[in-house]
There are 2 protein chains.
Amino acid sequence: MLNTRFILLVLGLLLIVEGVFMLLSAGVAALYNEFDLPYHLISSAICIVVGGGLGFSLLKSPKDIGKREGYLIVTLVWLVFSLFGLLPFWLSGAIPSFTDAFFETISGFTTTGSSILNDIEALPHGLLFWRSLIQWLGGMGIIVLSLAILPVLGVGGMQMFVAEVPGPVPDKLHPRIKETAKRLYGIYVLFTFVEAVLLYFGGMTPFDAICHSFTTMATGGYSTKQASIAYFASPFIQYVMIFFMFLAGANFTLSFAALKGRFSKVIKDEEFQSYFWLVIIVSLVVGGVLYYTGGSLGLEQSWRDGLFQVVSIITTTGYATADYLLWAPFLGVIIFLLMFFGGSAGSTGGGIKIVRIVLLMKNSYYELKRLVHPNAVIPVRYNTRAVSQGIITNVLAFIVIYMMIVGISMIIMSIMGFDLDTALGAVATSIGNIGPGLGDVGPASNFYQIPNFGKWFLSILMLIGRLEIFTVILIFSPYFWKE
Amino acid sequence: MLNTRFILLVLGLLLIVEGVFMLLSAGVAALYNEFDLPYHLISSAICIVVGGGLGFSLLKSPKDIGKREGYLIVTLVWLVFSLFGLLPFWLSGAIPSFTDAFFETISGFTTTGSSILNDIEALPHGLLFWRSLIQWLGGMGIIVLSLAILPVLGVGGMQMFVAEVPGPVPDKLHPRIKETAKRLYGIYVLFTFVEAVLLYFGGMTPFDAICHSFTTMATGGYSTKQASIAYFASPFIQYVMIFFMFLAGANFTLSFAALKGRFSKVIKDEEFQSYFWLVIIVSLVVGGVLYYTGGSLGLEQSWRDGLFQVVSIITTTGYATADYLLWAPFLGVIIFLLMFFGGSAGSTGGGIKIVRIVLLMKNSYYELKRLVHPNAVIPVRYNTRAVSQGIITNVLAFIVIYMMIVGISMIIMSIMGFDLDTALGAVATSIGNIGPGLGDVGPASNFYQIPNFGKWFLSILMLIGRLEIFTVILIFSPYFWKE
C-alpha cells in the first residue's frame with residue numbers, strides 16, 4: 001500500500017524549508033525598505049504553518065518506503081513548491097494573475113526561465129531576489145534528483161551515467177542520499193559564491209551579482225534586467241557567465257573530481273569530451289558566420305556573442321546577449337537544434353542530455369555493424385564499460401517519448417492559433433527547460449501573450465521535462481497504481 | 001570479395017528493362033504526333049545499348065552473391081535508373097538543366113513527387129506519360145524491395161513486419177523473390193487498371209486516367225495538371241483517388257489476403273487497424289475544423305478536402321486538392337506531423353511507416369511497466385507474436401537516425417538561406433517521399449527556386465528515405481567494406 005503519510009510528511013518538512021528561504025527574500029525587502037516586505041513574511045508564515053501542520057500531525061508515519069513513494073514525492077515537491085512559491089508574487093500584486101504567478105514560479109523551480117514579465121526592473125528587490133532564489137533552489141533539487149534519487153529509481157538510464165557516485169542500495173531510498181547530497185551541495189554553493197564575487201569585481205552591484213550567480217548555477221536564466229545579459233556589456237562579466245554556465249551544464253561529480261585534483265577523470269569522460277567539443281565547434285561556426293554577416297561586430301564580439309548564445313542554449317540557461325531570431329536563418333536553425341541537446345547528466349541543465357545523444361549515436365553506428373554481422377553480439381560501450389541492452393532501449397524510448405510529447409504539444413499550442421515556429425519554439429524551450437523560444441516567444445519577447453490554458457500547459461511541460469519525462473508520466477500509467 | 005561482375009550484370013539487365021519501358025512513352029508520343037518522339041527513341045536506345053553491353057560482356061559472372069551485393073544493387077538501381085531516366089526530359093530540352101532533370105526523375109523513381117516544373121501542361125504527352133510511368137516503376141520496385149529483398153537483408157525490422165510473405169532463405173537472395181514478386185505485381189497491375197477505368201468513367205480522358213492511376217498506386221503524386229487534383233473538381237474522381245491512395249498505402253500482402261477472401265486477416269492486423277483509425281480520426285478533425293473555419297465550404301466538401309489531404313500526406317502521395325498552408329495554423333501543424341508517419345510496411349508509401357510508430361509507442365508504454373517491475377521480462381507483442389529485443393533496438397535506431405538526418409539536413413538547407421519552415425518542410429517531404437512541403441515549397445509552389453546544390457542534396461535525401469535509410473548509409477560505413 002502506498003505510504004501516503006510519509007509522502008505528506010516529506011512534503012510538509014520541505015514546505016518548512018521553503019518558508020525559511022522566503023525569510024531570506026524578506027530580509028532583502030527589509031534592506032531595501034520596499035513595499036513587498038509583509039508579503040514575503042505572510043507567504044513564509046503560510047508555508048511554515050501548513051508544512052508544520054503536515055509534519056507534526058504525521059511524524060509517527062512508518063519509514064519503509066519504496067520506489068512509488070519516491071516518484072510521487074519528486075513530482076509533488078515541484079508542484080507544491082511552485083504553488084506556495086508563487087505567494088509573494090501574487091499576494092503582493094506584482095503579478096496579479098494567479099496563472100501568471102504560477103507560470104513564473106514553476107518556470108523558476110524547473111530552472112526554465114521563461115517569463116511573463118514585461119517590465120522586470122519594476123519589481124521590488126525582494127521579489128527579484130525570490131525570483132532568482134527559486135531557480136537556485138530548483139537547481140539544488142535537480143542535483144540531488146539526478147545524482148542520488150533517479151539512479152535508484154532507474155529512470156532514463158541514470159543509474160549508468162552517474163554510477164561514479166557511491167550508489168545507494170536499490171529499493172531503499174534513504175541511506176546514502178544524504179552523503180552524496182552534502183558533497184554536491186558544497187560544490188554548488190562554492191561555485192555560486194565564486195561567481196558572485198567575480199561578477200561583483202566585474203562591475204555588477206552585489207545584488208545583481210548574487211541574483212545572477214543564483215540563476216547561472218541553476219542554468220535557470222532569470223535576469224534582474226529586462227534586457228537580460230545584454231544590459232551588462234562588459235566582456236569580463238559575459239565571459240565569467242559563460243564559464244559558470246559551462247560548469248553548471250557539466251556533471252557535478254566531474255567538478256568534484258577536478259577539485260580533488262583528478263583531472264584525468266574529467267578529460268577521459270566521454271560525455272564531457274562531447275560536451276566540450278560540441279560547444280567549441282558550434283561556437284566557432286556561429287561566431288564565424290556572425291563575423292562575416294554581422295557587419296559592424298568585431299572579431300572578439302562575434303566570437304563572444306556566438307559562444308554566449310551557444311552555451312546559454314545548450315546548457316538550457318536561456319540568458320540572452322543577442323536576439324538569435326535576427327541572425328541569419330542558418331544560425332537560427334542551429335540554435336533551434338541545440339535546444340534538443342541539453343546539458344550533461346548530473347548537471348542542472350535540462351533537455352535530452354549529451355550522454356543520451358552520445359549513446360544513441362553509438363547505438364545507431366553499431367546497428368550498421370549488426371546489419372553486416374547479424375549473429376555477432378556487439379554491445380555499446382560508454383566510458384569503457386559495456387552498456388546493457390535494457391539501458392539502450394530505455395534511452396531510445398526516452399528520446400522517442402520526448403519527441404512524441406513535442407509533436408502532440410505542438411498540436412495543442414497550434415489550436416490556440418500560434419504558427420508553427422511559435423508552437424514548436426514554445427514547446428521545445430519548455431520541455432527542455434531553456435527559456436526563450438522561437439517566433440512570438442523569442443529572446444526579445446516573453447510568454448505574457450499566451451492564453452491561460454497555454455500557460456498551464458507549458459507549465460506541465462516544464463515539469464515533465466525537468467523530471468526526466470518518465471518520473472511524471474509513470475504516475476499516470478495504470479502499472480503504477482496496481483499493487 | 002565483392003561480386004562486382006554480378007552487380008554490373010543486374011544493372012545492365014535492368015537498364016534494358018528501363019529502355020523497353022521508354023518505348024511505351026515513345027508510343028504515346030507517336031500517338032499524339034508530338035516533337036518529343038525521337039528523344040524517347042534515342043533515350044531508349046542508349047539504355048538498351050549500355051545495358052546490353054554490360055549484360056553480355058558479363059554473362060558468365062559467378063552467381064553466388066551475399067548481402068553486400070544486395071545492398072549495392074538496390075542503391076545503384078535507383079541511381080542508375082534516375083541517371084538514364086532523365087534522358088527524355090533533358091535531351092528533348094523540355095527540362096534544359098541537367099540538375100533539374102535529375103531531380104524530377106529521382107523524385108519520380110523514389111515516388112516522392114516533388115517537381116521543378118512551373119508549367120506542367122506545357123509538356124508533350126509522351127513526356128508526361130514517362131513522368132507518370134517512372135513513378136509507377138518506382139512503386140513496383142519498392143514493393144519487391146520491401147516485401148522480398150529488405151526482409152532478407154534485415155533492414156529496419158522488415159523481416160518482422162512482412163513475415164506473412166513466404167520468407168526467402170537468409171543469405172541467398174535469389175530463390176523465392178520471383179514468386180513473391182509475381183504475385184504482388186499482379187495486384188499492383190490489377191489495382192492500377194481498375195483505378196484507371198474508374199477515373200475514366202468519372203470523366204477523365206483515358207490519358208489522364210492512366211497517368212493518375214500510375215502515380216496513385218505508386219503513392220507518387222505527379223499529376224498531368226499544374227493545379228494537381230484541384231483541376232478535377234468531380235467528387236467521384238476525388239473519392240476514387242482517396243480509395244486507391246489508401247490501398248496503395250496499405251500492406252500489399254493484406255490486399256492479397258483480402259482478394260483471396262481472408263478478410264479476418266486484414267481486420268486483425270495491428271498496423272492496418274492503426275492506419276485505418278488514424279486516417280478516420282485525423283480526417284474528421286481536419287474536416288470538422290475546415291467546416292467551421294472555411295466559411296463557404298459545405299459539409300461534404302470540408303470532409304472531402306480534409307480526407308483527401310490527410311490520405312495524400314499520410315500515404316506520402318502528395319496530390320493536392322487544397323493548399324494546406326492557407327488553412328488554420330492548427331491544421332498546418334497536423335499535416336506537418338503526418339509527414340513523419342508514412343504508409344504501412346509493404347506498401348508503396350514512404351516515411352517512417354505506421355508499424356514502426358506502433359512498435360515504438362508500445363515499447364514506450366512497456367518501458368513504464370519495466371520501471372515498476374525492473375526484473376520482469378516484458379516483451380513487446382505485435383500481431384500476437386513477441387518482438388525480439390534486436391528488432392526493437394533496430395526500429396528505435398531507425399527513427400533516431402531518421403530524426404538526426406532531418407536535423408542535419410535542416411542545417412544544410414538553411415545555409416542556402418531558407419527559413420526554418422521551408423528548410424524543415426523541404427527536408428521532411430524529401431526524406432518521407434511525399435512531395436509538397438512547407439513555406440516556399442508548399443503545395444502551391446515547387447522546387448524550381450532551390451539552388452542546384454540543394455536539388456542534389458534533396459535528391460539524395462529522397463533516395464535515403466526511399467531505401468529505408470540503412471540500405472544507403474550502410475554502404476558508407478567502414479564495416480560494409482571490411483572483408
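All of these numbers come straight from a predicted model, not from anything done at the bench. In what follows, chains carry the letters A, B, and so on, assigned in the order in which the sequence lines appear, proteins first and then strands, with residues in each chain numbered from 1.
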> Side chain, backbone, both or neither: which part of A:M404 has a heavy atom under 4.5 Å from chain B?
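Looking at A:M404, just its side chain touches chain B.
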> Just so I understand: if I count every heavy-atom pair under 4.5 Å between each of B:A423, B:G332, B:P478 and chain A, which residue has the most?
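Most heavy-atom pairs within the cutoff with chain A belong to B:P478.
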> Just wondering, are more than 12 heavy atoms of other shown residues or ligands nearer than 6.0 Å to CE in A:M361?
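No, because the 6.0 Å sphere around CE of A:M361 holds 12 heavy atoms or fewer from other groups.
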> Cut-off 3.5 Å, side chains only: do A:T393 and B:E367 have a donor facing an acceptor?
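No, no side-chain donor-acceptor pair sits under 3.5 Å.
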> What's the separation between atom CZ in A:F470 and atom OG in B:S364, rounded to the nearest 0.5 Å?
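Those atoms lie 7.0 Å apart.
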> What's the spacing between B:I473 CD1 and A:Y365 OH if we round to 0.5 Å?
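Those atoms lie 10.5 Å apart.
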> Where on B:L438 is there a heavy atom nearer than 4.5 Å to chain A: the side chain, the backbone, both, or neither?
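When you check distances to chain A, only side chain atoms of B:L438 fall under 4.5 Å.
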> For the CG atom of A:L368 and the CD1 atom of B:I475, what is their distance to the nearest 0.5 Å?
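If we round to the nearest 0.5 Å, A:L368:CG and B:I475:CD1 are 11.0 Å apart.
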> With rounding to the nearest 0.5 Å, note down the distance linking CG in B:L424 to CG in A:L420.
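Nearest 0.5 Å value for the CG-CG distance: 6.5 Å.
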> If you measure from CE on A:M403 to CD1 on B:I399, what distance do you get to the nearest 0.5 Å?
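The distance works out to 11.5 Å.
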> Return the option, out of B:I392, B:D421, B:L331, B:D419, with the maximum number of heavy-atom pairs under 4.5 Å with chain A.
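Result: the option with the highest number of such pairs is B:D421.
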> Write down the atom of A:G417, the atom of B:P329, and the distance for their closest heavy-atom approach.
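Smallest interatomic distance, heavy atoms only, reads O-CG, 3.8 Å.
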> Between A:L337 and chain B, with a heavy-atom cut-off of 4.5 Å, which part of the residue counts as in contact: side chain, backbone, both or neither?
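For A:L337, the contact with chain B is made by the side chain alone.
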> Could you look at A:F336 and say if it's the side chain, the backbone, both or neither that has a heavy atom under 4.5 Å from chain B?
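Contact with chain B: side chain only.
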